[in-house]
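Not measured: the values here are computed from a predicted model.
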Amino acid sequence: MKKRVFCAVMIVLLGWEVLHQYTGTDERVNRLQPVQIMNGDHSRSDLTAISSSRLYQGNLLLVNKDYALHPEGITSDIITLSEHGELTAGYALLDNSTQLSKTVAMQFARMVEAAGGDGVSQFLISSGYRDTDKQKQLYEEKGADYALPPGHSEHNLGLSLDIGSSQMEMSRAPEGRWLEANAWDYGFILRYPKDKSDITGIQYEPWHFRYVGLPHSIIMRDKHYTLEEYLDYLKEQQSVTLKVKGIVYNISYYPVNGKSTFVPIPAGQHYDISGNNVDGVIVTAHP
């Protein structure tokens, strides 16, 4: 019903001729101004046009053997961690050339600080962002049994990292246990859990964590979902409203067809738009 009301309002406000002109380039779509609409519950939303390229950008992109990363999906804030001492306090780097999204590095630093308060402090990052050349080299050296081809590894995003312990292997280390219990609170997920390899296609990797951000990581923890399952859940539900850490979030899925898509954004709210790298975008809004 909500979808039908939304479509009817969109047609009335914009008209078929106006909709037709919006099938141009991404640049043209991005210049369009939002149109405010009234929802059935008398709340207001900004009807916003987004370009098809948004399908391939954001923290919720699914990248695996079936869905390759598009160039625009690589995070724009990649940094070399060793050049940012303010972000590397409390953990070691296996390689000083390790790179990662700055946003993710900031959240990881917060998480490591919290772990230190619990007496867990022997973290190290063994791998972060890899460009396609590095991924190709790794794939050629390790083979398909141990590596993914370039563009199909989460490490090509800039949002994933391999975390180790300077004491012992992660499956037995205090660092591994702490992360498995607490990483979700900082926007990270254990991407390849031991009981979900039939879904992810990857065997259990206690060291591989992916940043998806809040509230998604906590919802995935509570529902025991992998990223694949979570994206399917959002697509099936289309819209969910949940309270996480005292904040009410509305999360909605919208299919992307053609060169542009219109999505309603709750007026006056903070929001984020992420593609799923498959067939749609997820809008996450909160006061």
Asks: For the rings on Tyr204 and Tyr192, is their centre-to-centre separation under 6.0 Å?
Replies: no
Asks: Check salt bridge (charged side-chain N to carboxylate O under 4.0 Å, His left out) between Asp131 and all other residues, then give those that pass, not counting sequence neighbours.
Replies: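 Testing Asp131 for salt bridge (charged side-chain N to carboxylate O under 4.0 Å, His left out), a comparison that skips the adjacent residues, returns none.
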Asks: Tell me if the aromatic rings of Phe209 and Phe188 count as close, with their centers under 6.0 Å from one another.
Replies: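 Ring centroids of Phe209 and Phe188 are no less than 6.0 Å from each other.
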Asks: If you apply the rule salt bridge (Lys or Arg N to Asp or Glu O under 4.0 Å), what do you find for Glu154 with Arg191, and how did you get there?
Replies: CA-CA 10 Å; Glu154 286 203 334; Arg191 183 64 179 92; 2.7 Å; yes
Asks: Are Thr103 and Asp77 close enough that a side-chain donor and a side-chain acceptor fall under 3.5 Å?
Replies: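 Indeed, the side chains of Thr103 and Asp77 share at least one donor-acceptor pair under 3.5 Å.
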Asks: Are side-chain N/O atoms of Ser126 and Asp162 paired as donor and acceptor at under 3.5 Å?
Replies: no
Asks: Is there any salt bridge (charged side-chain N to carboxylate O under 4.0 Å, His left out) pair reaching into residues 90-101, and which pairs are they, with sequence neighbours excluded?
Replies: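 The answer is none; no pair qualifies.
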Asks: Tell me yes or no: between the side chains of Ser53 and Ser51, is some donor less than 3.5 Å from an acceptor?
Replies: yes
Asks: Between His155 and His208, what is the ring plane arrangement, given parallel below 30°, perpendicular above 60°, and tilted in between?
Replies: perpendicular
Asks: Pair up each side-chain donor or acceptor in residues 62-74 with any protein partner under 3.5 Å, not counting sequence neighbours, and list the distances.
Replies:
from	atom 1	to	atom 2	distance (Å)
Asn64	OD1	Asp66	N	2.9
Asn64	OD1	Tyr67	N	2.9

Asks: Leu81 versus Ile125: any side-chain heavy-atom pair under 4.5 Å?
Replies: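 In short, these two side chains touch, coming nearer than 4.5 Å.
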Asks: Quick one: side chains of residues 263-273, donor-acceptor pairs under 3.5 Å with protein atoms, not counting sequence neighbours, listed by atom name and distance.
Replies:
from	atom 1	to	atom 2	distance (Å)
Gln269	OE1	His286	N	3.3

Asks: For Glu175, which residues count as a side chain to side chain donor-acceptor pair (under 3.5 Å) partner, sequence neighbours excluded?
Replies: Ser165
Asks: Assess the pair Phe108 and Tyr91: is the distance between their ring centroids shorter than 6.0 Å?
Replies: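 Yes.
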Asks: Could you note down all residue pairs passing side-chain hydrogen bond (donor to acceptor under 3.5 Å, both in side chains) where residues 115-124 supplies at least one of them, sequence neighbours left out?
Replies: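 Residue pairs with at least one partner in residues 115-124: Asp118-Trp178, Gln122-Ser166.
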Asks: Does a donor on one side chain sit under 3.5 Å from an acceptor on the other, for Tyr253 and Asp279?
Replies: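 On atom types as modelled, these side chains qualify, holding a pair under 3.5 Å.
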Asks: Could you tell me if the side chain of Ile79 sits less than 4.5 Å from the side chain of Gln99, heavy atoms only?
Replies: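 Contact flag for Gln99/Ile79 side chains = no.
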Asks: Can a side-chain donor-acceptor contact be found between Thr98 and Asn96 if the only test is distance below 3.5 angstrom?
Replies: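 The answer is no; no qualifying pair exists.
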